[in-house]
Each structure stands twice: as C-alpha cells, then as structure tokens.
> 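Got a structure here, written out as structure tokens. Questions coming.
Remember, it's a predicted structure, so these values are computed and weren't measured experimentally.
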Amino acid sequence: MANMNSAIARRSGNSGRPQPAAAPVPLRFRDDPLLWAGWLYAHDGMTQNEIAKAMGISRATVNNYLAEARSRGIVTLTMETSRLSEFMIAQALMERFDLSDCIVVPSAGEGRSLIDRLGETGARVLERLIRPGDAIGISWGRTMISLARNISHLRLPDLSVVQVTGGSTAPVDFTPELCVSQLATSLGARSINISAPAVVSSPAVRDILMGEPLVRDQFEMARKTDKIVFGICSTRPESSIHASGLIQREDLKHPSLQRSTAVIAGRFIDDRGKPVRGPLDDRTIGLTLEELREIKLRIAVAGGAEKTTAILAALRGRYANVLITDADTGHSILQAEGVPESLGMLKGTRRTQVQGGNLVKTKKLINDATNIIEEMLDGMIAAHPKHLRQLEGSPRSIVAVDGPREGKVGIVVGGGSGHEPTFVGYVGKGLADACAIGNVFASPPPDPILECTKAVDGGAGVLYLYGNYAGDVMNFDMAAEMAAMENIEVRTVLSTDDVASAPLDQKEKRRGVAGNFFIFKVTGAAADKMWSMDECERIAKKANSRTFTVGVALAPCSLPQTLRHNFELGPTEMEIGMGIHGEPGVTREPLRTADEVTDDILERIFAEMDAPEGSKVAVLVNSLGSTPLMELYVINRRVAERLERKGISVHATWVGTYCSSLEMAGMSITLIHLDDELTELLDHPCDCAMFRAG
C-alpha cells in the first residue's frame with residue numbers, strides 16, 4: 001500500500017475522516033483502489049469483469065480506475081512494484097497468518113520515529129472501526145500511548161475504553177492507566193480502569209483481589225470488549241518490559257521465562273506463540289491469553305527489527321487478526337517463515353516487466369512448485385548416497401554420511417534453496433557436517449536446524465556458519481536457544497563478504513554471498529583436524545574478515561512459485577553489487593565489456609583488501625546461474641592479469657557455479673587474502689557431494 005499514512009483516510013467524505021456506519025463491518029484496508037485495480041490487472045492478469053467481481057464494484061468503475069491509474073503513471077508498460085511493496089507484504093502476511101487485514105507502513109518516514117508512525121497509523125485504523133456503544137480494550141506501551149495521542153476526537157455515543165491488565169506506578173508515560181486515560185480522553189469515552197496492580201506478591205493475593213466484586217466487575221467488562229488494540233513487546237534486555245515497572249527484574253530472571261520470546265498484555269509466550277506458564281503467570285492480574293483470543297477484533301501494532309521475533313511469535317499464536325507493522329519487519333517475518341515471495345518483488349525495489357497488461361512468465365522444468373524442494377532433495381540423495389543422508393522425520397535436515405564424529409566440533413550451515421550448490425553441496429567429510437534447507441530464497445525454520453545440530457554434536461559443540469540475513473539470523477538464533485536447553489553448546493559466525501551491500505564502517509550489516517565457499521572450506525578443515533571450538537570460531541572469523549565479494553547482474557531470475565522475473569533490467573543495463581536474491585546493488589549502468597566490468601569489481605575489492613605486493617590470494621569466479629563458463633573464463637583471464645600486475649600471487653582458482661541465484665544472469669568475483677594458516681586449511685582434503693579438494 002503505497003504511502004499508507006496519506007492513503008488511510010482517503011475517499012471517506014469531505015472531512016477526510018470515515019463516517020460512522022450503522023453496523024460493524026470487516027476491515028478491508030485496500031483504500032487506494034487505483035493501486036488495487038492496477039495490481040489485479042497487471043500482476044494477476046485479471047479481466048475487467050474479474051476485477052469488478054473481486055473488488056465488489058461495477059465494470060464501469062473498474063474501467064475508470066484503470067484509466068486514472070494509467071493517467072497517473074501507476075500502470076504503464078511496467079508495474080512499479082516500489083509503489084506496491086507495502087501492499088504486497090501486507091497481502092502475504094494476511095495469507096500466511098490468516099489475518100482479516102494487515103497494514104504495512106513504509107520503513108522510512110521523513111525523520112519521524114517508527115513508533116510515532118505506527119501509532120498514527122493504528123489511530124487511523126481504529127477510527128475506521130469504532131462504532132457507537134463500543135467497548136475498546138487497550139494494553140500498554142510506547143506504541144499504545146502514541147496511538148492514543150493520535151486518535152481524532154470522534155465523540156461517538158456510549159464509548160468505553162477498558163484497561164485489560166493491572167496497573168503500575170512506574171515513572172514512565174506508557175503505563176496501562178495512562179494509555180487508557182489518554183485514549184478515553186481523545187475519544188471522549190468512559191474510562192474503566194483495573195483497581196489492582198499488574199503483578200502481586202503471591203497467587204493467594206491475586207485470587208483475593210480477583211474475587212473482589214469491584215475488580216471482578218472490571219474484568220468482566222474487559223472480557224466483553226468488542227475490540228482490543230495492543231502492542232507486542234520482546235523480552236530482550238532493552239525492551240519496554242524492563243522499563244515498564246509492571247514486572248520486577250528479579251521476576252524476569254526466573255528460569256520459567258528463559259524460553260519466552262514476547263509479551264502480550266503482560267503475558268509471556270515462546271517463539272511458537274505458546275503461553276509460557278510459571279510462578280509469575282499465577283501472580284499476574286490481567287486478561288489471560290485465552291481470554292484475549294476470545295475478543296473478536298484483535299489489532300496488534302508493532303514494528304522494528306528488535307521486535308521481529310516477538311511479532312512472529314504472536315502471529316504464530318494467532319493472538320492478532322489485524323496487524324499494523326512496517327515493511328522491513330513484515331519482510332523479515334515472511335523470510336523467517338519461509339515464504340519465498342517475501343524476497344525479490346516484495347522488497348519493491350524493481351519494476352516488473354509487462355507485455356500487453358500481463359506479466360511475462362518464465363519456463364521451468366518442474367512438476368508442482370509446492371513440492372519442488374522435496375523433489376530436489378530426493379534427486380540429490382539418489383545421486384549422492386555415499387555423501388548425503390536425510391534425517392528421519394526431518395527431511396530438510398541433510399547430514400554428511402562421513403563427517404560427524406565424537407570429539408569433533410560440528411559444522412552446521414544452511415539457508416534458502418535456489419543457491420545450489422550452496423549450501424547442501426558443501427556437506428561432507430572435511431567441510432560442513434550438516435545443512436538445514438529452507439524454501440526458495442527463504443530461511444530454514446528452527447526445527448530442521450535444531451535436528452542438524454543434534455545429529456552432528458560430538459560433545460565438542462556445534463558451530464553455525466551462514467549468511468547475514470535477518471530471517472536466517474532469527475531462526476538460527478532460535479535453534480541455538482533450543483539446543484542450549486538440551487545442553488549443546490552452539491556458536492555462530494555470520495558471513496559478511498558482500499562488499500557492495502554496506503559501507504566499510506557498517507561491515508557487520510553486509511550480506512554473505514559466494515564468499516561462503518571459502519569460509520566454509522577453511523572452517524570445515526579446522527574442525528576436521530579436531531581443532532577446539534575456540535579455534536574453529538577464530539578461524540571462521542578470520543576467513544570472513546579476509547574474504548571479499550562483488551557481483552554483477554545482467555538479467556533477473558524467477559521463482560518457481562511465480563514463474564515471473566523478480567526485477568527488471570533493461571536490454572543494455574547491468575547492476576553492480578546486486579544481491580543473490582535480487583537485493584539492490586550500488587549502481588545501475590549501461591552494459592560494458594568483460595574487462596571493464598572485472599576492473600570495476602576488482603577496484604571495489606582492492607579498496608578494502610589490504611594485500612600489498614607479495615601477498616597471496618585464492619580466487620573464485622562464480623556464475624549466478626545462467627552465465628556460461630566461456631564468459632567466466634574471460635573474466636578470470638582479466639582477474640589473473642590484474643593480480644599479476646599488482647604483484648599478488650594466485651594460490652588457487654575456482655571457476656564455475658558455486659553460489660547461484662536460480663537462473664539469474666551474472667557473476668561474482670571473490671578473493672580471499674591468504675596467509676600460511678589459511679592456505680594450509682584451504683588445501684586440506686574434503687569430499688562432498690558437489691565439491692572435492694585435496
């Protein structure tokens with residue numbers, strides 16, 4: 001939904017604010033019919049009759065919408081997905097989590113904080129939904145107080161605002177009492193507070209207070225609310241739960257809460273959305289999670305990278321049926337859930353090629369796209385039975401037949417499919433011990449990662465190696481936490497070799513791409529030589545710090561589920577620095593010669609790689625999918641020339657497809673700056689399904 005903040009109150013009368021309806025209606029947040037009609041026409045290829053039926057309007061109105069969309073440049077020969085990225089993410093979240101609606105605001109907001117923008121958007125949504133006589137529940141938190149302050153003065157009759165948890169005397173401006181008071185004042189509504197603290201000293205005290213007629217009546221009104229709006233709090237040390245004063249810090253340290261991920265209205269849930277029971281739960285005065293889910297309309301307002309895991313947990317638990325969040329958070333949630341459409345087009349950074357109003361479909365040799373990963377794995381196991389095996393009950397967990405052993409540090413890698421031979425091709429003796437596999441361009445969920453971890457644990461701990469992507473970080477971290485509960489030590493090293501994905505002073509934000517090849521290789525060798533966990537972790541970090549990659553894209557790829565290009569590049573264009581999922585690069589330029597492109601890439605690497613004359617490197621010239629060996633060897637010829645002129649010797653060279661992006665046209669160059677230690681490990685023998693050395 002492009003520019004959600006301005007689109008919310010559109011087409012709602014001269015006042016710019018929705019007028020009260022006679023009866024409650026389901027929230028359908030598709031307020032920009034031009035974008036919606038244009039999307040159905042250009043993306044889904046619907047006829048005007050089909051669009052009219054889908055939107056519940058006349059064919060003549062559809063025709064007018066499309067005409068206006070064309071006049072405004074919304075629909076041309078290309079569909080500007082950057083105008084639709086928030087809309088697309090919202091649609092995917094609705095489908096994935098069975099939401100009645102989802103509102104996604106842009107992640108950047110003209111200098112205003114995300115909390116302010118989420119609060120304002122939540123206020124506009126709530127205004128649309130409020131009806132005379134409503135009882136509205138509200139929780140507490142910074143986003144809730146922002147929402148309450150942004151509500152317009154509707155002055156509808158017989159409104160009540162109800163507190164759903166006990167109170168707090170903490171010196172913050174977002175306590176339950178203040179949130180209820182502010183919202184009631186803004187609406188001109190009656191305020192119903194809970195005459196008890198949120199957490200009391202014992203279960204007995206809670207039972208006594210809940211039995212008091214006044215408190216009992218107040219909670220009966222809370223249970224009967226028509227709508228509830230709430231924030232979602234993470235359990236991280238910097239989160240609002242620690243500053244709220246509702247719960248004491250010593251309570252938060254209780255072992256029962258160590259597996260909690262999120263807090264909703266004072267109640268704790270784990271990463272699966274299941275309630276976390278414990279002594280604190282019995283001392284809490286507030287609606288239970290089960291009672292919250294009985295409320296018909298449950299609006300969650302939350303966003304930000306630090307809350308991604310918490311929001312995902314709440315969605316998995318089905319505590320909200322309307323979600324208001326930001327684009328980056330929504331994208332990360334979808335990626336963590338393994339929704340392949342959450343990448344590429346959902347990022348809204350590219351135009352999608354259109355011919356005659358319909359998107360161009362690509363050709364693939366597949367059966368059913370929903371089963372493509374399973375069928376690919378069946379073929380892999382059939383081709384490489386001496387190297388790979390699937391874990392029983394966890395087919396997305398692939399383990400080396402010869403690799404894991406007692407006393408050895410286990411190496412677990414993983415990520416989305418579509419990059420073969422990365423990651424599964426590097427599972428074998430002397431390299432990775434196991435690989436967790438996700439959907440196309442999507443992180444594997446925590447369960448197969450955990451099963452890999454248990455399968456390769458030889459008593460010396462397990463080291464996770466994978467690329468720096470939000471969904472991977474979230475799910476591997478969850479798996480590590482679950483492994484710790486089973487007394488398995490897990491450490492993580494993220495690969496960040498993509499020079500183009502972030503500036504040098506923000507290197508920790510860079511993506512991991514083809515350089516994984518070198519990082520996996522030297523770390524796997526260290527583990528195979530029975531080095532300790534400390535030494536394996538050290539060498540992985542060292543290899544990562546000395547590995548540099550830059551790629552160039554010439555043409556897009558397409559996901560099996562969509563058979564449509566995930567971005568557009570003109571016939572004479574290239575993009576330097578594009579990511580392996582179609583993430584934006586650093587520059588889009590006219591296509592140049594092989595030598596010119598190679599020089600551009602190498603200059604970006606040389607600017608960071610401190611390799612004086614006499615240094616030694618290993619080289620990887622990698623196809624992103626459809627660029628042939630002929631062109632790769634032309635590239636490698638220039639790489640060798642440039643390194644020779646700089647007085648840098650080449651210890652080893654690999655040319656071919658080592659980290660792909662489905663059928664994307666393009667290539668990447670990776671250099672690892674070697675020393676004696678790294679050279680020895682790089683030369684150490686390994687025997688994997690799709691790669692052998694030594």
> Checking Asp226 now: which residues fulfil salt bridge (charged side-chain N to carboxylate O under 4.0 Å, His left out) with it, not counting sequence neighbours?
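If we apply the salt bridge (charged side-chain N to carboxylate O under 4.0 Å, His left out) test to Asp226, skipping adjacent residues, there are no hits.
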> A side-chain contact here means heavy atoms from C-beta on lying under 4.5 Å apart; do Phe230 and Ile299 qualify?
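The answer is no; the side chains never approach within 4.5 Å.
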> Hydrogens and angles aside, do Asn150 and Glu120 bring a side-chain donor and acceptor to less than 3.5 Å of each other?
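No pair is found: no donor N or O on one side chain lies under 3.5 Å from an acceptor on the other.
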> Side chains of Arg316 and Lys274: does their closest heavy-atom pair fall under 4.5 Å?
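SC-SC contact between Arg316 and Lys274 ruled out.
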> Please tell me if the side chains of Ile269 and Tyr319 come closer than 4.5 Å, counting only heavy atoms from C-beta onward.
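Side-chain contact under 4.5 Å: yes.
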> Roughly how far apart are Glu220 CD and Ile192 CD1, rounded to 0.5 Å?
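One finds 11.5 Å between CD of Glu220 and CD1 of Ile192.
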> Are the side chains of Val229 and Val301 in contact, using a 4.5 Å heavy-atom criterion?
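Val301 vs Val229: side chains touch.
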> Assign the ring pair Phe441 / His581 to parallel, tilted or perpendicular, where the plane angle (0 to 90°) is split at 30° and 60°.
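The arrangement is perpendicular - the two ring planes meet at more than 60°.
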> Salt bridge between Asp447 and Arg272, side-chain N to carboxylate O under 4.0 Å?
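Yes, this pair counts.
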> For the residue pair Phe97 and Leu312, establish whether any side-chain heavy-atom pair is separated by less than 4.5 Å.
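Answer yes - side chains close enough.
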> For a quick test of reading the model, state the closest non-hydrogen atom pair linking Gly122 to Ile324 and the distance between them.
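Answer, listing the atom of Gly122 first, then Ile324: CA-CD1, 3.5 Å.
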> If you round to the nearest 0.5 Å, how far is CD of Glu212 from CD of Gln218?
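Here the interatomic distance stands at 10.5 Å.
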> Salt bridge or not between Lys53 and Glu50? Use side-chain N to carboxylate O under 4.0 Å.
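Salt bridge flag = no for Glu50 with Lys53.
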> Is there a side-chain contact between Leu147 and Leu126 (heavy atoms, below 4.5 Å)?
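They are in contact (side-chain heavy atoms under 4.5 Å apart), so the answer is yes.
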> Taking Ser100 for its side chain and Asn321 for its backbone only, find out whether a donor-acceptor pair lies under 3.5 Å.
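Yes, Ser100 side chain to Asn321 backbone: donor-acceptor pair under 3.5 Å.
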